[in-house]
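Read through the structure below, which is laid out as C-alpha cells, and then see the notes.
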Amino acid sequence: MNQITLAKIDESNFLDAFNLKLGPGQERFVSHPIRSLAQAYVYYHQCTPFGIFCESVMVGYVMVIYDYDLKEYDIWHMMIDERYQGKGYGKAAIQRCLAYIAEKPFGDSDKVVLTCHKDNMHALTLYKKLGFMETGNFDEDEIELAIHLNY
C-alpha cells in the first residue's frame with residue numbers, strides 16, 4: 001500500500017475529513033472526525049490529526065496523541081470511509097502511524113496504545129495481526145491493545 005500516506009489535517013483538507021462517512025452501524029465503533037478534530041484543537045500540544053490519503057483522495061482519518069502522564073502514544077478515532085473499506089487502507093494507515101510515532105514527535109516512548117470496541121471483530125483482528133496485544137484493560141465496551149516499537 002505504498003500509495004497510502006498521512007497528511008496533517010489543516011485548512012486545505014478539513015472539509016474532506018468532515019465529509020467522511022461510516023458504514024451502517026459503524027458509528028458505535030468510532031467517533032466521526034468532526035468530534036475528533038474538536039479534541040485535536042483542545043489537545044493541540046500533544047496530538048496530530050491526519051487524513052489518510054490514497055494518492056490525492058482522503059479515504060480516512062486518524063489521530064495520534066501523546067499522553068504525557070503515562071508516557072505513551074495513543075492512536076485515536078481511526079476510520080476508513082465506507083466507500084474505501086476492505087482495500088487494506090486501514091492496515092497501511094496503522095503502519096504509517098507507527099512509523100510517525102517511531103520518530104517520537106512528542107516524547108520518548110516506544111509504547112503505542114489504542115482501544116477497539118469489543119464487537120468490532122474486523123478491527124480487532126487487524127490490530128492483532130499488526131502485533132498489538134490485549135492489555136487486560138477495558139473502558140466500557142472498549143478493549144485496550146498495545147504494542148512496543150522495536151525500531
Side-chain angles (χ1 to χ4, degrees), residues 1-2 4-9 14 17-18 20-54 58-151:
M1 285 288 140
N2 288 337
I4 294 298
T5 58
L6 301 179
K8 290 181 181 179
I9 299 291
F14 77 95
F18 286 6
L20 294 170
K21 304 254 187 283
L22 294 165
Q26 292 179 333
E27 60 279 341
R28 70 189 184 114
F29 295 150
V30 65
S31 295
H32 191 276
I34 292 173
R35 178 173 182 248
S36 186
L37 285 171
Q39 289 174 314
Y41 178 79
V42 172
Y43 299 109
Y44 68 92
H45 61 284
Q46 68 191 88
C47 73
T48 306
F50 290 108
I52 302 166
F53 285 83
C54 179
M58 186 181 293
V59 298
Y61 173 86
V62 65
M63 185 162 65
V64 172
I65 189 163
Y66 185 71
D67 187 322
Y68 286 99
D69 295 329
L70 298 175
K71 305 285 191 248
E72 69 185 25
Y73 284 90
D74 298 309
I75 298 175
W76 276 10
H77 307 292
M78 191 178 101
M79 57 97 60
I80 302 295
D81 184 280
E82 67 179 337
R83 296 168 292 173
Y84 303 104
Q85 293 177 8
K87 300 178 185 291
Y89 297 160
K91 177 181 178 183
I94 291 291
Q95 291 169 327
R96 302 300 183 272
C97 284
L98 295 175
Y100 172 74
I101 291 167
E103 297 171 5
K104 303 187 185 317
F106 295 103
D108 189 24
S109 178
D110 66 347
K111 184 177 182 183
V112 182
V113 176
L114 53 78
T115 61
C116 185
H117 192 283
K118 64 183 174 90
D119 295 334
N120 191 347
M121 298 313 295
H122 182 77
L124 281 171
T125 300
L126 169 65
Y127 299 144
K128 288 177 181 180
K129 282 183 181 176
L130 288 169
F132 285 86
M133 298 177 58
E134 291 184 31
T135 65
N137 295 328
F138 296 87
D139 183 13
E140 296 181 13
D141 290 336
E142 300 278 322
I143 299 169
E144 182 182 85
L145 299 101
I147 190 171
H148 289 274
L149 302 179
N150 295 321
Y151 44 90

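Each residue takes its place number in the sequence, starting with 1. Just so it is clear, the structure is predicted and the values come from calculations on it, not from any experiment.
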Just verifying a value: how many Å separate [X] [atom1] and [Y] [atom2], rounded to the nearest 0.5 Å?
X	Y	atom1	atom2	result
Cys54	Ile80	SG	CD1	10.0 Å
Ile143	Glu134	CD1	CD	5.0 Å
His148	Glu72	NE2	CD	9.0 Å
Ile4	Lys87	CD1	NZ	10.5 Å
Leu98	Glu103	CG	CD	11.5 Å
Arg83	Lys21	CZ	NZ	8.0 Å

Are [X] and [Y] side-chain neighbours, meaning at least one heavy-atom pair lies under 4.5 Å?
X	Y	answer
Lys8	Phe50	yes
Tyr73	Pro105	yes
Lys128	Leu145	yes
Leu20	Met79	yes
Met78	Cys97	no
Asp139	Glu144	no
Phe132	Leu126	no
Leu6	Phe53	no

Margin query: Can you confirm whether more than 12 heavy atoms, excluding those of Tyr100, are under 6.0 Å from its OH atom?
Written below: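 Yes, OH of Tyr100 has more than 12 neighbouring heavy atoms, counting only those of other groups under 6.0 Å.
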
Next item on the list: Please answer whether the main-chain N or O of Ala123 pairs with a side-chain N or O of Asn120 as donor and acceptor at a distance below 3.5 Å.
Entry: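 Yes: the side chain of Asn120 pairs with the backbone of Ala123.
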
Margin query: To check you understand the geometry: which heavy-atom pair defines the closest contact between Ala40 and Cys47, and what is its length?
Written below: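 Reported closest heavy-atom pair: CA-SG, 3.5 Å.
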
Item checked: Considering all heavy atoms, the nearest Ser109-Lys104 contact ->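 Closest approach of Ser109 to Lys104: O-NZ, 3.1 Å.
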
Check: Among Asp74, Thr135, Ile147, whose side chain to side chain contact (heavy atoms under 4.5 Å, CB included) with Val113 holds?
Finding: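 Of all the options given, the one that passes is Asp74.
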
Notebook entry, point to check: Could you give all pairs that pass the ring pair (Phe, Tyr, Trp, His ring centres under 6.0 Å) test and reach residues 105-124, with sequence neighbours left out?
Noted result: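 Those involving residues 105-124 are Phe29-His117.
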
Margin query: Test side-chain contact (heavy atoms from CB on, under 4.5 Å) on Lys91 and Lys129; report intermediate values, then the result.
Written below: CA-CA 9 Å; Lys91 177 181 178 183; Lys129 282 183 181 176; over 6 Å; no

Using atom types as modelled, flag every donor-acceptor pair under 3.5 Å from a side chain in residues 58-71 to any protein atom, sequence neighbours excluded.
residue, atom, partner, partner atom, Å
Tyr61, OH, Ser36, OG, 2.8
Asp67, OD1, Asp69, N, 2.9
Asp67, OD1, Leu70, N, 3.0
Tyr68, OH, His45, O, 3.4
Lys71, NZ, Tyr68, O, 3.0

Check: Stepwise, does the side-chain contact (heavy atoms from CB on, under 4.5 Å) test hold for Asp141 with Asp119?
Finding: CA-CA 8 Å; Asp141 290 336; Asp119 295 334; over 6 Å; no

